[in-house]
**Q** 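Got a structure for you, written out below as C-alpha cells; questions coming shortly.
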2 protein chains.
Amino acid sequence: MAIEIKISLNEGIYLRDPQDSALGRNIIKHSILLIEDIGFESFNFKKLAQEMKSTEASIYRYFENKHLLLIYLVSWYWEWVAYLIKINTLNIDDPKRKLEIIINSFVSASADNPTTDYVDESKLHSVIISEGLKVYHTKEVDEENGKGFFKNYKELITMVAGVITEINPSFEYPYALASNLFEMSNDHIYFAKHLPRLTDIKVGENKYSEVEKMLNYFATNLLR
Amino acid sequence: MAIEIKISLNEGIYLRDPQDSALGRNIIKHSILLIEDIGFESFNFKKLAQEMKSTEASIYRYFENKHLLLIYLVSWYWEWVAYLIKINTLNIDDPKRKLEIIINSFVSASADNPTTDYVDESKLHSVIISEGLKVYHTKEVDEENGKGFFKNYKELITMVAGVITEINPSFEYPYALASNLFEMSNDHIYFAKHLPRLTDIKVGENKYSEVEKMLNYFATNLLR
DNA sequence: TTTAAATAATAGTATAACTATCATAATAAA
DNA sequence: TTTATTATGATAGTTATACTATTATTTAAA
C-alpha cells in the first residue's frame, strides 16, 4: 500500500488543484520527467501535452504558465522535505542529531521515499538541483513572495533555524546557515556533476555521502 | 583619466569582440542597464536595439543569442573581480588578510571601481546577483564548459582556494568554501532584498557590510 | 436521464528568436 | 582621391513559443 501524502500548497500557484484529478496528477508526473530530460528552458506546454497525450489547452486550465508549474514542483519538494524531516525527527531530542537528519534529508531526500505514485522523488530532486533557483530569481519575486508562493521554503528554513538555535543559542546567523546548508547541498551536487573544479567533493549515481559529510563538517564547526 | 582595462574573455562567447568597436561597447553598456531594469527573461535583442538606437540584426552580429551575451557579462564580472583582488592583495603577505580582501571584493566590487566607461560596475553587480546563476544552470552546461565558457569563474575560485589553503593547509574543502563564499555573498544580498526570512542580515542601498561581516565570520570559524 | 463539468480537438493571435537581403556609411588600401 | 572592404542600418521574412477562443465530446453528479 502506497502512503498517499496530500501536500498542502498555496492555492494561488495553480488554477485548479492538480492533486485532485487524474489529468492533474499526470501533468505533475510528466512535467518532472520532461523538465529533467530537456531542461526548463526547452520545456513547454505543447511538448508536455504531446508527451502525456493530452492537449496544450487542457494543461493551461491547471497552470497559467510554465513558471507557475515550476513553482508548484519546487514547493512540493520543499513541503515534502519538511515532512520527511518531521517524521524522521519525531522522537529525537538531541538537536545535533536533528541537524544531522536535516542534512541527510537535504542531500538524499530521494532515497528513503514515502512514495507518492505520481511523483518520482529522485527525478524531482534532480529538477530542484538544476532548476530550483529559477523560481525566485525573477523580476516578479516580490510580487510572488507577497502572494505567499515561497512560504513553504521560508517555513522549512525557519524550522531548521530553530534547530540551529537549539544547538547554539548565541549563534548569530541561524537563518543564513539554514538556507546556506540547503543551497549548498544542491549547488555542490550540481558542481560535482558539471563543474567539478568548483568543489572538493565527488558524487556517484545518487550517492551523495561526501556532500553530506561536508555539510556536517561545516555545520559542526560553525556551531561549536 | 579613466584606466581602461582590456578584459580577456573566451573568444567562443562572441561572434565579434564587443570591446573592439563603439557599437560593441554600446551593446555591453545597454544590455547591463536593460537586464537590470526588466530582468533576463523579458530582455531580448529587439528591445535592446530600440534602447540603444540600433537594430536587432546588428546585435546578432556580435552575439549568437541572449544567453551568450549573459555569459559574456558574467565572465566579464568574474574577470574583473579577479583583477580587483589581484591589485588589492599585491603587497599583502598574510593570507588571512588576503581572504578579507577577497570577501570585500565579492561583496562590494561595485564600490571601489577602476571604471571602464561602458560598464556600470554597480549595475553589473546587481545583474550578477539576480541572474548570474542562470549562465551555468542549463542543459548545455557540459558542452559550454567544454568550450571553456566558465574558465574565468574556475580560475577565480582556484585562486581563492589557494589563499584558503595558505591559511589552513589541512582544511579539506578549499574549493567548496571558495565557491560558497562567492555564491553566499550574492545569495544573501538577494535574500536580504527579496526574501529576508531566508537570512539574518540586512542590506542598505549598496551597503553590504553585514554580509561581509557574516562571510568573514564563516570563513574564520571554518578555518581556525 | 438530464445536466453540468472536464477534457479534447482545432484554430487563431501576438511575440520571440532568429535569418536573409540589400542599401548605405565608414574605414582602409591602392 | 578613388576604389575596395567591412560595418552598420533598414526592412522583410520564417519558425517557434506562449498563449486565447470556440466548439465538440466525454465523464461525472444530481
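Labels below follow one simple rule: chain letters A, B, ... track the order of the sequence lines, proteins then strands, and each chain is numbered from 1. All values derive from a computational prediction rather than experimental measurement.
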**Q** What is the distance, to the nearest angstrom, from the CZ atom on A:F45 to the C1' atom on D:dT17?
**A** 12 Å
**Q** To the nearest Å, how far apart are B:I59 CD1 and C:dA16 P?
**A**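 It is 14 Å, rounded to the nearest whole Å.
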**Q** Can we call the ring centroids of A:F63 and A:F45 under 6.0 Å apart?
**A**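 Ring centres of A:F45 and A:F63 not closer than 6.0 Å.
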**Q** Checking contacts here: which listed nucleotide (D:dT20, C:dA8, C:dT7) is nearest the side-chain heavy atoms of A:S54?
**A**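 My answer, after comparing the listed nucleotides, is C:dA8.
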**Q** Of all the choices, D:dT17, D:dC19, C:dA8, which nucleotide is nearest to the side chain of A:K47 once you look at every atom?
**A** D:dT17
**Q** Would you kindly give the CG-to-P distance between A:D20 and D:dA29, to the nearest whole Å?
**A**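 After rounding, the gap between these two atoms is 12 Å.
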**Q** Would you kindly give the CD-to-C1' distance between B:E41 and C:dA17, to the nearest whole Å?
**A** 15 Å
**Q** Considering only C:dT7, D:dT20, C:dA9, which nucleotide approaches the side chain of A:T55 most closely?
**A** C:dA9
**Q** Less than 6.0 angstrom from the centroid, inside 45 degrees of the normal: does A:K66 satisfy that with respect to the ring of A:F40?
**A** yes
**Q** Tell me which one of B:Y83, B:Y153, B:Y72 satisfies ring-ring contact (aromatic ring centres under 6.0 Å, His included) with B:W78.
**A**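 Going through the options one by one, the only one that passes is B:Y153.
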**Q** If I take atom CD in residue B:E56 and atom C1' in nucleotide C:dT21, what distance separates them, rounded to the nearest angstrom?
**A**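 Taking CD of B:E56 and C1' of C:dT21, I get 15 Å after rounding.
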**Q** Find which nucleotide of DNA chain D each of B:L23 and A:K66 is nearest to by heavy atoms, and output the residue with the more 5' nucleotide.
**A** B:L23
**Q** Quickly work out the B:R25 CZ to D:dT8 C1' distance and round it to whole Å.
**A**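 Taking atom C1' of D:dT8 as the reference, CZ of B:R25 is at 15 Å.
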**Q** If you look at every strand shown and take non-hydrogen atoms under 4.0 Å, does A:E64 touch a base, only sugar-phosphate, or nothing?
**A** sugar-phosphate
**Q** DNA chain C: B:R61 or A:S21, which has the more 5' nearest nucleotide?
**A** A:S21
**Q** Measure the distance from NZ on B:K46 to P on D:dA10 and round it to the nearest whole Å.
**A**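 So the two atoms are 15 Å apart, to the nearest Å.
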**Q** Using a cut-off of strictly less than 4.0 Å, decide whether A:Y62 has a side-chain nitrogen or oxygen near OP1 or OP2 of C:dA6.
**A**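 So the side-chain polar atoms of A:Y62 never come under 4.0 Å of the phosphate oxygens OP1 or OP2 of C:dA6.
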**Q** Given D:dT8, is OP1 or OP2 found less than 4.0 Å from the side-chain N or O atoms of B:R16?
**A**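 So the side chain of B:R16 is within the cut-off, an N or O lying under 4.0 Å from OP1 or OP2 of D:dT8.
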**Q** If I take atom CG in residue A:L15 and atom C1' in nucleotide D:dT20, what distance separates them, rounded to the nearest angstrom?
**A**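 After rounding, the reported distance stands at 13 Å.
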**Q** Using the side-chain heavy atoms of A:A57, tell me which of these nucleotides is nearest: C:dT10, C:dA17, D:dT8.
**A**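 Shortest atom-to-atom distance from the side chain points to C:dT10.
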**Q** Give A:Y60 one of three labels, base, sugar-phosphate or nothing, depending on what nucleic acid heavy atoms sit under 4.0 Å from its own.
**A**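 Since a base atom lies under 4.0 Å of A:Y60, the category is base.
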**Q** NA contact type, A:F63, heavy-atom cut-off 4.0 Å: base, sugar-phosphate, or nothing?
**A**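 Result for A:F63 = nothing.
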**Q** Can a side chain N or O of B:N65 be found less than 4.0 Å away from OP1 or OP2 on C:dA17?
**A**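 No, no such contact exists.
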**Q** Does A:G24 offer a backbone N or O that forms a donor-acceptor pair with the side chain of A:S21 under 3.5 Å?
**A**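 Pair found, side chain donor or acceptor close to backbone of A:G24.
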**Q** In terms of the angle between their ring planes, are A:F150 and A:Y136 parallel, tilted or perpendicular, with boundaries placed at 30° and 60°?
**A** perpendicular
